[in-house]
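Read through the structure below, which is laid out as structure tokens, and then see the notes.
Just so it is clear, the structure is predicted and the values come from calculations on it, not from any experiment.
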Amino acid sequence: MKLALRTFLERDPAKLKSHSSEIIALSNGEKEALGFIPNSAYEDAISQKRLFAMFAEDEEGQAAVVGYILHGGVFPHARVQQVCTKPGWRRHKVASALMDALICDLERAGFLTVKAKVASDLAYAQAFYEGHGFEVASSKAGGSARGRTIVVRVRNLATPHLFSTPPATLDLGLPKRFGTEAAFYTFDLNVFFDLVKNRQRHDSACALFGAALDHRIRLGVASEFISELRRTSVDLQNDPVLQMALQLPRLPPPVSPQDLERLASEIHEIVFTNTGNAGAGSVQARSDARHLAHSALSRVSGFITSDGALLEARDDLLTKIGIDVAGLDELLTLLPDPADDHLPTERRGEGFECRVPTADETGAYLKAAGVPASVIEEVCGPAIARTVGWRSGVWEGSSIVAVACLTSPVSTAGEHRLLVNVDAGHLDRELYGEYLLDAAVKQACLNNPAAIRLLNVAGQPTVSGLATARGFVATGVGHDLVKVAIGQPITQENWEPTRHTTRRKTGLGLPAQWPDLQIGSRSIAVTSGSGQSLDLSPERFEDMFGPTLYLWPGREAVIVPIQRAYADELLGTNTQPRLSFIQDRDASFLSRRAYVNTPRARSAMRPSLPILFYESGKNGGRKAVVAAGRIVDSVLVPKESTSRDTARRVVVDDLSEFSAMDEVLMTTFDNLIVFPTPVRFADLKEFGATGSSNLISATALSHENLVRIIKAAWSK
């Protein structure tokens with residue numbers, strides 16, 4: 001768990017020189033691994049700012065060196081000469097923090113590579129460098145005295161340059177920037193009459209036009225809209241509906257009337273003739289086709305209608321004509337509420353707290369971290385009509401050690417721009433980075449699927465690594481990373497609205513038909529915005545589109561019991577405000593957490609299965625399924641010898657209550673999704689999902705019951 005002492009990096013030569021004897025003593029104790037360097041060389045390296053150290057401070061404020069890193073090289077190629085950790089501080093990632101801090105410094109300074117020479121017989125050192133991305137470049141004989149072989153390892157830094165080759169990329173074809181204006185939609189007379197004639201969808205129409213007045217969307221009409229009103233008007237001079245319509249923004253006339261009529265005929269054939277619609281050939285059908293044709297030629301974002309024939313043909317219209325047809329209520333679901341900032345709640349961990357920093361606090365931290373002023377302005381500037389800002393920060397005492405900034409479009413389309421910055425030399429940089437990344441991704445897909453671009457800022461190797469593990473992929477342009485987050489489980493029943501919403505929000509096309517993975521291929525064909533076809537396995541799909549659970553046909557699950565005290569922290573399902581002095585365990589800030597139960601359950605806890613958490617009625621529990629995740633792995637762990645990494649992923653102190661045996665079953669899970677509506681025991685009983693033990697122990701769940709539970713959780 002966390003060390004009781006405060007740790008910090010020290011780069012100031014004056015302060016380092018006052019502790020040079022500690023650094024030299026630490027080096028002398030490791031001559032077998034580090035080799036011989038004269039004592040004076042350390043003084044020189046400190047003066048030349050080629051050595052910095054990790055300090056630990058005790059309760060009385062006395063600081064001592066617990067590790068250092070010595071480096072050199074000639075620009076733009078750096079070299080690591082020594083990394084050393086005090087024996088009592090090993091396995092607390094001091095060396096990793098020092099290495100990440102050095103890489104951060106080198107990338108900011110524009111270095112291209114960093115090299116290290118490591119003796120082949122130092123297995124731990126070889127593993128350390130390999131784990132930090134240093135690849136073997138060559139080997140050579142060492143000195144004759146020891147007869148060693150020296151392995152030369154090199155790491156390429158994430159520093160864009162003229163001759164750099166982009167990392168392996170996967171083109172998702174996502175939008176690269178916010179549009180300069182909100183998306184532009186045209187609409188038909190049905191939508192207009194819903195507004196002015198107080199019809200059944202009047203409230204929805206009011207919400208749509210309200211969004212337009214709030215600059216979250218732009219609305220206009222085609223020429224045919226006015227022509228149709230004039231044809232049906234009784235008194236052209238005194239028709240208030242017509243006079244109001246004349247004030248609406250209109251598309252400019254098409255350059256070629258012939259192209260308009262040709263396209264209108266093609267649309268009429270798709271929507272009415274080919275489907276055998278009774279209205280085929282009518283004046284109204286021809287008018288609807290011209291509405292759509294004019295909109296398509298003008299490259300609008302979409303056409304809003306309540307007409308059943310147009311909505312039924314929208315897949316063909318999108319594929320063959322390139323015009324997106326959307327229902328009124330359907331479009332409204334794409335619009336976030338600009339007044340609801342969804343600010344992160346304040347939370348307290350062991351030795352740190354998370355809360356919302358001001359723009360000034362965020363800007364000051366990012367400036368000190370070397371983030372370019374243009375990026376700071378983008379993520380910290382005032383929210384405008386087309387964007388909403390979200391921020392979260394991690395404090396240790398009075399100092400910020402990590403921040404995340406998310407700039408989100410308020411319109412129906414556009415990507416979310418994300419910046420996550422952590423102190424590269426902090427021992428808990430991975431914990432803070434995980435928490436901020438996951439919090440930002442969940443914020444982005446709170447209401448709808450989201451396209452997210454993680455801005456590349458030199459010197460954040462920890463953030464880049466964590467993002468890649470969470471489904472972000474390299475774009476090959478500017479070294480940004482991108483992903484799509486869906487934010488809820490996908491079933492056959494919600495596939496249709498999910499794929500439409502995903503395409504409109506992110507540009508990615510999911511298959512028109514629900515993929516039946518029990519028949520034929522075990523892959524899902526996703527079409528990028530640039531037209532590239534991506535064949536993804538179901539597991540890779542969940543990684544790239546997470547948080548989500550894809551309930552493909554036949555996929556089973558397991559439902560496990562959890563007491564409320566554990567669920568509140570492990571799952572984050574507590575709906576009551578927590579007292580400010582209560583500290584959460586590290587597990588509640590990690591994306592990959594662990595559930596503990598008896599080894600007897602190992603046959604039910606299989607990797608890749610969805611795992612549903614049933615909060616029992618004990619100690620005020622809700623007697624309901626409250627969350628779901630995906631099992632990563634399940635291993636038997638001795639009660640008395642859990643690793644530090646395993647221990648920090650659980651929220652229990654005493655493992656004995658979970659098993660009478662010497663071992664417990666430690667099940668790691670990710671893709672955690674909290675249910676918007678807990679599914680009560682009575683409903684589970686009705687589904688036949690409680691098993692013979694009434695959910696006292698792990699219970700296998702059929703595909704059918706899994707879908708029923710998910711449907712009930714999202715029914716509202």
Which residue, Val482, Leu481, Leu437, Leu455, forms the side chain to side chain contact (heavy atoms under 4.5 Å, CB included) with Leu418?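 The option that passes is Leu437.
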Pairing donors with acceptors under 3.5 angstrom, does anything connect the side chains of [X] and [Y]?
X: Glu396; Y: His426; answer: yes
X: Glu430; Y: Thr462; answer: no
X: Thr407; Y: Glu378; answer: no

Check: [Y] main-chain N/O paired with [X] side-chain donor or acceptor under 3.5 Å:
X: Ser464; Y: Pro461; result: no
X: Tyr68; Y: Cys84; result: no
X: Glu57; Y: Arg6; result: no
X: Asp480; Y: Asn456; result: yes
X: Lys483; Y: Gly546; result: yes
X: Arg50; Y: His71; result: yes
X: Arg90; Y: Thr85; result: yes
X: Gln126; Y: Ala119; result: yes
X: Asp584; Y: Gly349; result: no

Leu70/Ile37 under side chain to side chain contact (heavy atoms under 4.5 Å, CB included): CA gap, chis, key distance, verdict: CA-CA 11 Å; Leu70 173 65; Ile37 295 180; 3.9 Å; yes
Starting at [atom1] of [X], measure out to [atom2] of [Y] and round the result to the nearest 0.5 Å.
X: Leu536; Y: Met544; atom1: CG; atom2: CE; result: 5.5 Å
X: Glu346; Y: Ser392; atom1: CD; atom2: OG; result: 10.0 Å
X: Asn421; Y: Gln460; atom1: CG; atom2: CD; result: 4.0 Å
X: Leu436; Y: Cys354; atom1: CG; atom2: SG; result: 7.0 Å
X: Arg391; Y: Leu406; atom1: CZ; atom2: CG; result: 11.5 Å
X: Asp423; Y: Tyr432; atom1: CG; atom2: OH; result: 10.0 Å

For [X] and [Y], which heavy atoms make the closest approach, and how far apart are they?
X: Ala404; Y: Val420; answer: CB-CG2, 4.0 Å
X: Leu366; Y: Cys380; answer: CD1-SG, 4.1 Å
X: Pro538; Y: Ile524; answer: CA-CD1, 4.2 Å
X: Gly67; Y: Leu98; answer: C-CD1, 3.7 Å

Side chains of [X] and [Y], heavy atoms from C-beta outward: is any pair under 4.5 Å?
X: Asp670; Y: Ser591; value: no
X: Phe128; Y: Val118; value: no
X: Ser523; Y: Arg540; value: no
X: Phe472; Y: Leu466; value: no
X: Asp105; Y: Phe111; value: no
X: Arg11; Y: Lys49; value: no
X: Phe134; Y: Val154; value: no
X: Lys140; Y: Lys117; value: yes

Are Asp428 and Val394 close enough, and set up right, to give a side chain to side chain contact (heavy atoms under 4.5 Å, CB included), and what steps lead you there? CA-CA 11 Å; Asp428 285 310; Val394 180; over 6 Å; no
Would you sort out whether Gln81 and Leu51 count as a side chain to side chain contact (heavy atoms under 4.5 Å, CB included), showing the intermediate values? CA-CA 10 Å; Gln81 294 172 280; Leu51 185 150; over 6 Å; no
Applying side chain to side chain donor-acceptor pair (under 3.5 Å) between Ser588 and each of Arg347, Arg593, Glu569, report the one that passes.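 The residue from Arg347, Arg593, Glu569 that satisfies side chain to side chain donor-acceptor pair (under 3.5 Å) with Ser588 turns out to be Arg347.
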Students often mix this up, so state it plainly: with edges at 30° and 60°, are the rings of Trp89 and His92 parallel, tilted or perpendicular?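 It falls in the perpendicular class, over 60°.
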Going through the checks in order, is the side-chain hydrogen bond (donor to acceptor under 3.5 Å, both in side chains) test met by Ser20 and Glu43? CA-CA 7 Å; Ser20 60; Glu43 296 279 358; 3.0 Å; yes
Take Arg417 and Glu415 through the test salt bridge (Lys or Arg N to Asp or Glu O under 4.0 Å) and record every step on the way to the result. CA-CA 6 Å; Arg417 312 274 290 181; Glu415 65 180 12; 2.7 Å; yes
Taking salt bridge (charged side-chain N to carboxylate O under 4.0 Å, His left out) as the test, write out the residues that go with Asp633, two or more places apart.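 Here no residue qualifies.
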Taking the six-membered ring for Trp, is the centroid-to-centroid distance between Phe589 and Phe352 below 6.0 Å?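 Ring-ring flag for Phe589/Phe352: true, centres closer than 6.0 Å.
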CA sep, side-chain torsions, deciding dist, call: His19, Glu10, side-chain hydrogen bond (donor to acceptor under 3.5 Å, both in side chains): CA-CA 11 Å; His19 291 266; Glu10 184 58 74; over 6 Å; no
For atom CD of Glu135, decide whether the heavy atoms of other residues, nucleotides or ligands shown that lie under 6.0 angstrom number more than 12.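 Counting other residues, nucleotides and ligands, CD of Glu135 stays at 12 neighbours or fewer.
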More than 12 foreign heavy atoms under 6.0 Å from OH of Tyr124: is that the case here?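 No, OH of Tyr124 has 12 or fewer neighbouring heavy atoms, counting only those of other groups under 6.0 Å.
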Evaluate side-chain hydrogen bond (donor to acceptor under 3.5 Å, both in side chains) for Thr668 paired with Arg649, printing each intermediate quantity in order. CA-CA 8 Å; Thr668 306; Arg649 296 186 185 277; over 6 Å; no
By side-chain hydrogen bond (donor to acceptor under 3.5 Å, both in side chains), which residues pair with Glu542, not counting sequence neighbours?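 If we apply the side-chain hydrogen bond (donor to acceptor under 3.5 Å, both in side chains) test to Glu542, skipping adjacent residues, the hits are Arg555, Arg630.
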Does the side chain to side chain contact (heavy atoms under 4.5 Å, CB included) test come out yes or no for Tyr129 and Val83, once each step is laid out? CA-CA 10 Å; Tyr129 281 99; Val83 184; 3.8 Å; yes
